[in-house]
Amino acid sequence: LPYRVRWQDLKDLFRRAGTVLRADVSLGPDNRSRGYGTVLLATAEDAGRAIDMLNGFCWQTRVLEVRPDRLGASVDEMGSSLAIRGANGHSSGFPSSGNPHDEITSGQDVVGGTGMKTLFVGNLPFHIQWQDLKDLFRAAGAVARADVTVGPDGRSRGFGTVSFVTEDGAERACRMFDGYEFNGRPLKVHYDK
């Protein structure tokens, strides 16, 4: 993405393809764009149309790469999410995942598990957005949704939730990330109540 683009610009561009539920531009610790973002569209048809219309589209001298996001969740309940980056010969810091748990699976939850798939994540750095949280927790399993709680002023409150597709992913994330130091802050991770 062009570095001057904000979430509203991204949302406005993708409205050409269909109903946009959410648009985010990933920001670094300095609150500057990382050159990529995500757009959540209302239907899979809207997402397909967005890919057809905007993949390879030149926007403010940057050629966009538009593809389905690695959701790890059913698009029926959440809409259809796309990942977008601007290409200029390198990846613009776009994260890539070699995680085998990153794909959608049709497997069953762990037998005898807690039945819980949503984790509370506390002590988050305040610049972290939902996409950053989702990217981090993908190392443990397929993430259905990640949210960072914001106050009335729109700023992060330093905590959030991560929902996994399977109980196994949630359990693995608890073990991996409770006490994990993330940008200088030890995370507090436990099942959401």
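Everything numeric here is computed off the predicted structure, so don't read it as measured data.
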Just how far is it from atom [atom1] of [X] to atom [atom2] of [Y], taken to the nearest 0.5 Å?
X: Glu65; Y: Leu54; atom1: CD; atom2: CG; result: 13.0 Å
X: Asp9; Y: Gln60; atom1: CG; atom2: CD; result: 7.0 Å
X: Phe177; Y: Leu119; atom1: CZ; atom2: CG; result: 10.0 Å
X: Leu133; Y: Leu124; atom1: CG; atom2: CG; result: 5.5 Å
X: Arg22; Y: Gln131; atom1: CZ; atom2: CD; result: 9.0 Å
X: Asn183; Y: Ile128; atom1: CG; atom2: CD1; result: 5.0 Å

Determine whether a donor-acceptor pair (N or O, by modelled atom type, separation under 3.5 Å) exists between the side chain of [X] and the backbone of [Y].
X: Asp178; Y: Val189; result: yes
X: Arg49; Y: Ala17; result: yes
X: Lys117; Y: Val165; result: yes
X: Asn123; Y: Pro186; result: yes
X: Asn55; Y: Val66; result: yes

Taking all atoms of both residues into account, what is the closest heavy-atom pair of [X] and [Y], and its distance?
X: Phe126; Y: Arg157; answer: CE2-C, 3.7 Å
X: Phe164; Y: Val143; answer: CE2-CG2, 3.8 Å
X: Ser156; Y: Val148; answer: OG-CG1, 3.5 Å

> In chain order, what residues pass the salt bridge (Lys or Arg N to Asp or Glu O under 4.0 Å) check against Arg185, with sequence neighbours excluded?
Replying inline: none

>> Does Lys11, at its NZ atom, have more than 12 non-hydrogen atoms belonging to other residues, nucleotides or ligands within less than 6.0 Å?
In response: yes

Are [X] and [Y] connected in the hydrophobic side-chain network, where two residues link if heavy atoms are under 4.5 Å apart?
X: Ile51; Y: Phe14; answer: yes
X: Tyr36; Y: Trp7; answer: no
X: Leu41; Y: Trp59; answer: yes
X: Val121; Y: Tyr191; answer: yes

Note, [X] side chain near [Y] side chain (heavy atom, < 4.5 Å):
X: Arg15; Y: Val39; value: no
X: Thr38; Y: Gln129; value: no
X: Asp132; Y: Ser26; value: yes
X: Arg4; Y: Ser33; value: no

>> Assess the residue pair Val63 and Phe57 against the criterion (side chain to side chain contact (heavy atoms under 4.5 Å, CB included)); give the C-alpha distance rounded to whole Å, side-chain angles, the decisive distance to 0.1 Å, and a yes or no.
In response: CA-CA 5 Å; Val63 178; Phe57 179 73; over 6 Å; no

> Should Leu187 and Met176 be marked as a side chain to side chain contact (heavy atoms under 4.5 Å, CB included) after you check the CA-CA gap, both sets of side-chain angles, and the distance that decides it?
Replying inline: CA-CA 10 Å; Leu187 298 180; Met176 285 174 66; over 6 Å; no

> Using a side-chain heavy atom cutoff under 4.5 Å and only I, L, V, M, F, W and Y, what cluster partners does Val150 have?
Replying inline: none

> So which residues get pulled into Phe120's cluster when ILVMFWY side chains under 4.5 Å apart are joined, directly or through others?
Replying inline: Phe159

> side chain to side chain contact (heavy atoms under 4.5 Å, CB included) between Leu13 and Leu64: does it pass, once the steps are laid out?
Replying inline: CA-CA 12 Å; Leu13 177 68; Leu64 299 183; 3.8 Å; yes

